[in-house]
Amino acid sequence: MKILISACLLGTCCRYDGASKAHPKAAALAERHTLVPVCPEQLGGLATPRPPAERQEGRVVTKTGADVTEAYRRGAEETLRLCRLLGCEAAVLKERSPSCGHGEIYDGTHSGTLTAGDGVTAALLEANGIPVYGESQIERLLK
Ligand code: SF4
């Protein structure tokens, strides 16, 4: 099937710190499925590198207090638009990210503390019926 995937998991250096987060099982996933790479934060117009940000009471705020909610929202909507346009049936997204995280994200205090919740893009995809998997669940898509 066609699967949307966080570009950083494929080795693209699109993370906030200019690094990637290449996943060892990404190649196996690409052999079995058609992968469509996206970086919602770049699609929302943010630069790379960029200040780290976390979800905080309905907003997304950088470590220095800048409100970047609008860019995160725009990136989520662009990702959903591409998902629909290209017929993706699922998404594999980077865990704990304020955009891509699913089920658990940082709590907005920029202290490394995790809390229950979803990134902005993961939440929008799920609300529109797209199943979201974290990278620790890739094995489920290889069976
Ligand atoms: Fe990776 Fe998603 Fe962050 Fe982009 S927004 S760097 S795809 S976790």
Side-chain angles (χ1 to χ4, degrees), residues 1-30 33-142:
M1 69 176 153
K2 221 178 252 186
I3 299 177
L4 206 67
I5 185 165
S6 295
C8 57
L9 292 175
L10 297 178
T12 303
C13 295
C14 53
R15 274 166 47 103
Y16 73 95
D17 57 0
S20 73
K21 206 70 181 176
H23 194 278
K25 297 217 167 94
L29 195 65
H33 301 282
T34 302
L35 303 183
V36 176
V38 287
C39 175
E41 292 174 19
Q42 290 187 337
L43 287 170
L46 293 168
T48 304
R50 53 191 170 275
E54 295 186 3
R55 293 197 83 173
Q56 197 181 84
E57 294 167 9
R59 299 180 305 143
V60 185
V61 180
T62 69
K63 203 168 182 175
T64 52
D67 188 328
V68 286
T69 309
E70 181 53 27
Y72 277 69
R73 190 193 59 72
R74 204 179 318 133
E77 285 178 357
E78 276 301 299
T79 301
L80 176 62
R81 188 181 68 76
L82 291 171
C83 182
R84 285 176 167 154
L85 182 73
L86 299 171
C88 297
E89 296 171 57
V92 174
L93 301 182
K94 176 76 194 75
E95 290 163 356
R96 297 181 290 281
S97 148
S99 292
C100 295
H102 181 240
E104 193 178 53
I105 54 173
Y106 291 107
D107 71 350
T109 60
H110 292 275
S111 62
T113 310
L114 291 165
T115 187
D118 293 325
V120 180
T121 294
L124 186 66
L125 290 174
E126 274 219 320
N128 283 274
I130 305 298
V132 175
Y133 298 83
E135 71 270 23
S136 65
Q137 299 173 306
I138 282 179
E139 202 64 54
R140 288 167 60 179
L141 294 163
L142 293 176

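In what follows, every heavy atom counts, from backbone to side chain, and hydrogens, waters and symmetry copies are set aside. We number each residue from 1, following the sequence as shown. We count ligands from 1, going down the list as the structure has it; atoms in each ligand are counted the same way.
- Put simply, the side chain of Glu95 never gets that close to the backbone of His102: no donor and acceptor are under 3.5 Å apart.
- Ligand 1 lies nowhere less than 4.0 angstrom from a heavy atom belonging to Leu9.
- In this structure, Arg96 does not count as a contact residue of ligand 1, since none of its heavy atoms falls inside 4.0 Å of the ligand.
- Nearest protein heavy-atom neighbour of atom 8 (S) of ligand 1: Lys94 CB, 3.4 Å.
- In this structure, His33 contributes its side chain and Leu35 its backbone to no donor-acceptor pair below 3.5 Å.
- Residue-level proximity to ligand 1 for Arg15 is carried by backbone and side chain together, each with a heavy atom below 4.0 angstrom.
- Of the heavy atoms in Val38, only backbone atoms (N, CA, C, O) come closer than 4.0 Å to ligand 1.
- No donor-acceptor pair under 3.5 Å is formed between the side chain of Glu89 and the backbone N or O of Met1.
- Atom 3 (Fe) of ligand 1 has as its closest protein heavy atom Glu41 OE2, 3.8 Å.
- Using a 4.0 Å cut-off between heavy atoms, Ala7 contacts ligand 1 through its backbone alone, with no side-chain atom that close.
- For atom 2 (Fe) of ligand 1, the closest non-hydrogen atom on the protein side is Cys100 SG, 2.3 Å.
- From Thr69, atom OG1 reaches atom CD of Glu57 across 11.5 Å, with rounding to the nearest 0.5 Å.
- Between Asp118 atom CG and Cys100 atom SG the span is 11.0 Å, to the nearest 0.5 Å.
- Residue contact annotation: Cys14 places no N/O/S atom under 2.8 Å from atom 1 (Fe) of ligand 1.
- Of all the atoms in ligand 1, the ones that sit under 4.0 Å from a non-hydrogen atom of Pro40 are 2 (Fe), 5 (S), 7 (S).
- The nearest protein atom to atom 1 (Fe) of ligand 1, hydrogens excluded, is given as Cys8 SG, 2.3 Å; this is a heavy-atom distance.
- Formation of a donor-acceptor pair under 3.5 Å by the Gln137 side chain with backbone atoms of Gly134 is found in this model.
- Residue, atom and distance of the protein heavy atom nearest to atom 4 (Fe) of ligand 1 are Cys39 SG, 2.4 Å.
- Judged purely by atom type and a 3.5 angstrom limit, Lys2 has no side-chain atom pairing as donor or acceptor with the backbone of Val36.
- With contacts defined as side-chain heavy-atom distances shorter than 4.5 Å, the pair Pro49/Tyr16 does not qualify.
- Applying the 4.0 Å criterion to heavy atoms of Arg50 picks out, from ligand 1, the atoms 6 (S).
- Although no hydrogens or angles enter the test, the distance criterion places no donor-acceptor pair under 3.5 Å between the side chain of Ser6 and the main chain of Cys8.
- Contacts between Glu95 and ligand 1, counted as non-hydrogen atom pairs separated by less than 4.0 Å, are absent for every part of the residue.
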